[in-house]
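Predicted model only: the values in this text are computed from it and were never measured. Every chain is numbered from 1, with letters handed out A, B, ... down the list of sequences.
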Number of protein chains: 2
Amino acid sequence: MTASRQVAPARSAAPSAPSGPSAPSATATAPWDELPARIRARGLRWTPQRRILLEVLSRSEGHVTGAELVERCRAADPSTVPSTVYRTLDVLEELGIVQHAHGADGREEFHVLPVSQHGHLHCLGCHQSWEISSDEAAALGRVLERERGFAMDLSHLTVSGHCRACGGDG
Amino acid sequence: MTASRQVAPARSAAPSAPSGPSAPSATATAPWDELPARIRARGLRWTPQRRILLEVLSRSEGHVTGAELVERCRAADPSTVPSTVYRTLDVLEELGIVQHAHGADGREEFHVLPVSQHGHLHCLGCHQSWEISSDEAAALGRVLERERGFAMDLSHLTVSGHCRACGGDG
DNA sequence: GATCCTATTGCAACGCGTTGCAGTTACGCA
DNA sequence: TGCGTAACTGCAACGCGTTGCAATAGGATC
């Protein structure tokens, strides 16, 4: 048995969205090529481990859990260790390459190349998830801003509840 | 050194709210007394371990993390094991005694005796947290309901961002 | 009070993620 | 090309939370 590349950990399936289509992974200007330079320009280093993670990320779309990324890196290089992956993800987050959030179950989810700020919707019934556009969350943002001076970070938002199919409608 | 009852794990300080005062732990009708009966009525059992957790909970207000509850139970009975605490919390959640959510860092937080549905606001700068009333979240709820038929579970909502003091205002 | 059924417990192991530390290595510079 | 520094890696251990399993013990019934 090889390192089976388990992709969906049974609790965070994120299939196609029924009403809100997901962004088709535009790969805008392929920032992957410039990354080594950007990294070095910051005094950071371009290592084989980082290259592998970047390759994995460049093939990913939507949300990926940390564990999934570790698994995929391990498929590319069995000697991969989790701590390196997570630390590299931290670095990449500072560079704006990924953005992390916490799913409804508290697990970390990474979003690759955040095209636009968006939150997540998670159904407690069927465990599907969808994206919330900034438009939709705008009202909440405005209320918090106006009444509390609180600047919401949409990308970190996960709203749980029940979708139409699972009894969302009365 | 005894089992030091560490209360604030340094990453989820939740002091008094600056604009939204927290509910003053009304202890409405003290449901603690009826609990043994309610539990037995369901075919469940009233055990010493559950009694201890209930005592701990009855002395808690606001949000408590799972680890904190384990710690406090251990203070009352050093032989307490985490799995029992967490399993009992599951049972109590079904009975409506507690409600769990995931904080901004993904850790579990339990809310004792949820007086009214409310979400949480978490400042990424100072790590304070406040409650979001259902009024405030209503707009978001309406949008999701109308456009997606999605029934938001407010109690599970944590909004991250920056408060006024930490740069929330432009 | 004795008996029986099964809910519950404690244990041990696991999974995800983080952290401290010592050894390694990328890479700027002479 | 060789050198030096500090960024990075891998390891080991930890913390939080979950799960499977065998043993225990509520509590209903007689």
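Residue side chain Arg87(A) reaches the base of dG10(D) through a donor-acceptor N/O pair under 3.5 Å, judged by distance alone. Put simply, the side chain of Thr65(A) and the base of dC16(C) share no donor and acceptor less than 3.5 Å apart.
Residue Ile132(A) holds its CD1 atom at 9.5 Å from CE of Met152(B), rounded to the nearest 0.5 Å. A distance of 12.0 Å separates CH2 of Trp130(A) from NE2 of His120(A), quoted to the nearest 0.5 Å.
Counting to the nearest Å, the C1' atom of dA7(D) and the CD atom of Glu94(A) are 14 Å from each other. Taking atom CG of Leu89(A) as the reference point, atom P of dT9(D) lies 11 Å away to the nearest angstrom. Taking atom CD of residue Glu71(A) and atom C1' of nucleotide dG15(C), one finds them 12 Å apart after rounding to whole Å. One atom, CG of Asp77(B), and another, C1' of dT9(C), lie 12 Å apart when rounded to the nearest Å. Atom CG in Leu92(A) sits about 11 Å away from atom P in dC8(D), given to the nearest Å. When the P atom of dC16(D) is taken as reference, atom CZ of Phe110(B) falls 13 Å away, rounded to whole Å. Atom pair Glu108(B):CD and dT18(D):C1' shows a separation of 10 Å (rounding to whole Å applied). To the nearest angstrom, C1' of dC16(C) lies 12 Å from NE2 of His102(A).
Using a 4.5 Å heavy-atom cutoff, the side chains of His102(B) and Thr158(A) are not in contact. Residues Phe110(A) and Ser60(A) form no side-chain contact, since every pair of their non-hydrogen atoms from C-beta on lies 4.5 Å or further apart.
No donor-acceptor distance shorter than 3.5 angstrom exists from the side chain of Arg40(B) to the backbone of Trp46(B), with no hydrogens or angles considered.
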Would you please test Arg148(B) and Glu136(A) for side chain to side chain contact (heavy atoms under 4.5 Å, CB included) and show each step?
CA-CA 11 Å; Arg148(B) 312 212 187 206; Glu136(A) 288 173 289; 2.8 Å; yes

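A residue-by-residue look at Ser83(B) and Ser79(A) shows that Ser79(A) has its nearest nucleotide of DNA chain D further toward the 5' end.
Comparing dT9(D), dC16(C), dT9(C) against the side chain of Tyr86(A) picks out dC16(C) as the nearest.
His156(B) and His122(A) share no donor-acceptor pair across their side chains, judged by distance under 3.5 Å alone.
DNA chain C lies under 4.0 Å from at least one heavy atom of each of the following residues of residues 39-56 of chain B: Gly43(B), Leu44(B), Arg45(B), Thr47(B), Gln49(B), Arg50(B).
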